[in-house]
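Numbering of residues begins at 1 and proceeds along the displayed sequence. All values derive from a computational prediction rather than experimental measurement. Just follow the structure's listing: the first ligand is 1, and inside any ligand the first atom is 1.
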Amino acid sequence: MEVQRVLHMNEGEGDASYASNSSLQRAVLTKVKPILEETVLDLVGDETFLETEVLCIADLGCSSGPNSLSVISHIVDTITAACQRRHRRPLEFQVVLNDLPGNDFNTIFKSLPSFYDKLKRGNINHGPCFVAGVPGSFHGRLFPRKSIHFIHSSYSLHYLSQIPKGLVSEEGAPLNKGNTYIASTTPPAVSRAYYEQFKQDFNSFLSLRSVEVIAGGRAVLTFMGRRTDDPSCDENCVTWKIMSLALNDIAREGLIEEAEIDSFNFPYYAPSAAEVRDIILEEGSFNLTRLEGFEIGWDPNPASNSNRTSSDNLKRATYVSKYVRAVAEPMLTSHFGGSQIMDALFQKHTERIAQLYSKEEPKYYPLVITLMKK
Ligand SMILES: C[S@@+](CC[C@H](N)C(=O)[O-])C[C@H]1O[C@@H](n2cnc3c(N)ncnc32)[C@H](O)[C@@H]1O
């Protein structure tokens with residue numbers, strides 16, 4: 001599977017789109033907001049940038065929904081209000097939105113007029129803000145050297161640049177049969193291959209950004225993580241375990257072959273805090289100013305958390321399955337086939353999540369880190 005070609009969220013603004021199914025990611029952004037504010041205030045308060053007139057902000061993995069511009073608008077407001085408090089001339093902003101070339105940039109660009117309107121309508125007197133799109137992989141160079149002051153990225157860096165090498169034996173037999181990611185039955189060599197790929201990707205991500213970010217520039221990066229050292233612990237693996245169970249369900253119905261499941265692997269890795277810290281320290285270009293994790297329910301809506309009847313479980317499972325579909329469908333379609341198979345798969349996926357909800361309250365454990373370029 002050529003990851004960069006098949007990895008994109010469902011496009012447009014329809015019922016199955018990422019734009020209509022990204023409230024989980026929005027809830028994550030809300031949790032990270034205080035850290036984001038603190039970090040951008042540190043940046044504008046830093047003496048290094050007192051003479052800066054144009055601040056360059058990049059959002060990496062912006063996707064096509066409303067989340068990216070809503071974060072950007074919050075950053076611009078926070079910085080401009082801080083300049084006003086300090087009787088400093090409003091800064092101008094250059095904003096670059098990055099995602100893979102297959103991303104539906106058009107949907108996000110169409111919402112730019114209302115983004116600019118909102119900036120004008122607010123009671124903060126903003127300097128001009130110029131938004132541009134930069135299609136390309138953040139696993140490669142994206143921007144000119146020393147051109148970026150602030151990097152934001154949310155829910156994107158857990159995607160690997162490629163399927164790890166070493167998931168098949170020397171004879172070409174799949175080593176992680178029946179699974180689509182690390183699971184309790186995964187051989188240690190497969191878990192190691194996933195970690196090695198993440199390490200290589202994250203290390204090169206930091207080196208590439210270190211060329212592009214100005215000394216003293218900051219970054220806030222949020223991505224999926226795990227609480228435990230063991231990558232095969234259930235808490236870490238349950239998301240894709242549910243997907244593997246649903247795939248095996250439709251294989252039993254003869255819709256796909258078991259061998260197709262054996263040869264499919266998600267290009268994804270959720271690291272532990274210790275793994276992330278070690279890579280940052282070893283790479284050495286950035287000071288790690290904060291590293292923490294937090295829990296968030298698969299359904300982050302507090303109103304639904306008190307309900308436990310089977311119909312409530314099904315409602316919540318439908319909600320979760322829809323956002324997983326918005327994220328994973330293009331990848332799954334490229335391997336397993338079109339909409340009929342996807343409809344059957346996500347029907348099973350919803351049922352499997354409802355069963356899980358009847359037993360437990362599954363949670364994600366994202367990590368958020370802040371960095372300062374040395
Ligand atoms: C779940 S979406 C998150 C979108 C947005 N940041 C949010 O919080 O709603 C993840 C995005 O990361 C993008 N992505 C994954 N790997 C990437 C890469 N190597 N370079 C650029 N973008 C990437 C995907 O295409 C996808 O749009």
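The N/O atoms of Ser63, backbone and side chain alike, include one that comes under 3.5 Å of an N/O atom in ligand 1. For ligand 1, the polar-atom distance check against Ser154 finds a nitrogen or oxygen pair separated by under 3.5 Å.
The number of heavy-atom neighbours closer than 6.0 Å to CG of Asp229, taken from other residues, nucleotides and ligands shown, is 12 or below. The environment of Arg145 atom CZ is sparse: at most 12 non-hydrogen atoms of other residues, nucleotides or ligands sit within 6.0 angstrom. Heavy-atom neighbours of Lys177 NZ from other residues, nucleotides or ligands within 6.0 Å: at or below the threshold of 12.
Residue contacts with ligand 1, taken as heavy atom pairs separated by less than 4.0 Å, do not involve Leu60 at all. The proximity of Ser64 to ligand 1, defined as any non-hydrogen pair under 4.0 Å, does not occur for either the backbone or the side chain.
Rounding to the nearest 0.5 Å places NZ of Lys31 at 15.5 Å from CZ of Arg26.
Looking only at heavy atoms of the protein, atom 20 (N) of ligand 1 is closest to Phe138 N, 2.9 Å. Among all non-hydrogen protein atoms, the one lying nearest atom 3 (C) of ligand 1 is Tyr18 OH, 3.3 Å. For atom 19 (N) of ligand 1, the closest non-hydrogen atom of the protein is Ser137 OG, 3.0 Å. Taking atom 1 (C) of ligand 1 as the reference point, the nearest protein heavy-atom neighbour is Tyr155 O, 3.5 Å.
For ligand 1 and Asn98, the ligand atoms under 4.0 Å from any heavy atom of the residue are 21 (C). Every atom of ligand 1 is numbered from 1 in the order shown, and the set under 4.0 Å from a heavy atom of Gln25 is 1 (C), 8 (O), 9 (O). Atoms of ligand 1 lying under 4.0 Å from at least one heavy atom of Gly136, given by number and element, are 20 (N), 21 (C). Heavy-atom proximity to His139, at under 4.0 Å, picks out these atoms of ligand 1: 19 (N).
Comment: Lys118 does not engage Asp77 in a salt bridge, judged by the lack of any side-chain N to carboxylate O separation of less than 4.0 angstrom. One finds a salt bridge joining Glu253 and Lys348 here, because a Lys/Arg side-chain nitrogen approaches an Asp/Glu carboxylate oxygen to under 4.0 Å.
Using cut-offs of 30° and 60° on the angle between ring planes, the pair Phe264 and Phe336 is tilted. Using cut-offs of 30° and 60° for the angle between ring planes, the Tyr323 and Tyr364 rings count as tilted.
Each of Ser22, Ser63, Pro366 was checked for a side-chain contact (heavy atoms from CB on, under 4.5 Å) with Tyr155, and the lone residue meeting it is Pro366. A ring pair (Phe, Tyr, Trp, His ring centres under 6.0 Å) with Trp240 is found for exactly one of Tyr194, Tyr269, Phe266, namely Phe266.
Distances from ligand 1 to the non-hydrogen atoms of Gly65 include no value under 4.0 Å.
For atom 5 (C) of ligand 1, the choice among Ala326, Gly61, Ser156 with the nearest heavy atom turns out to be Gly61. Summarising the contacts of atom 25 (O) of ligand 1 with Asp99, Leu100, Leu142, the nearest heavy atom is found in Asp99.
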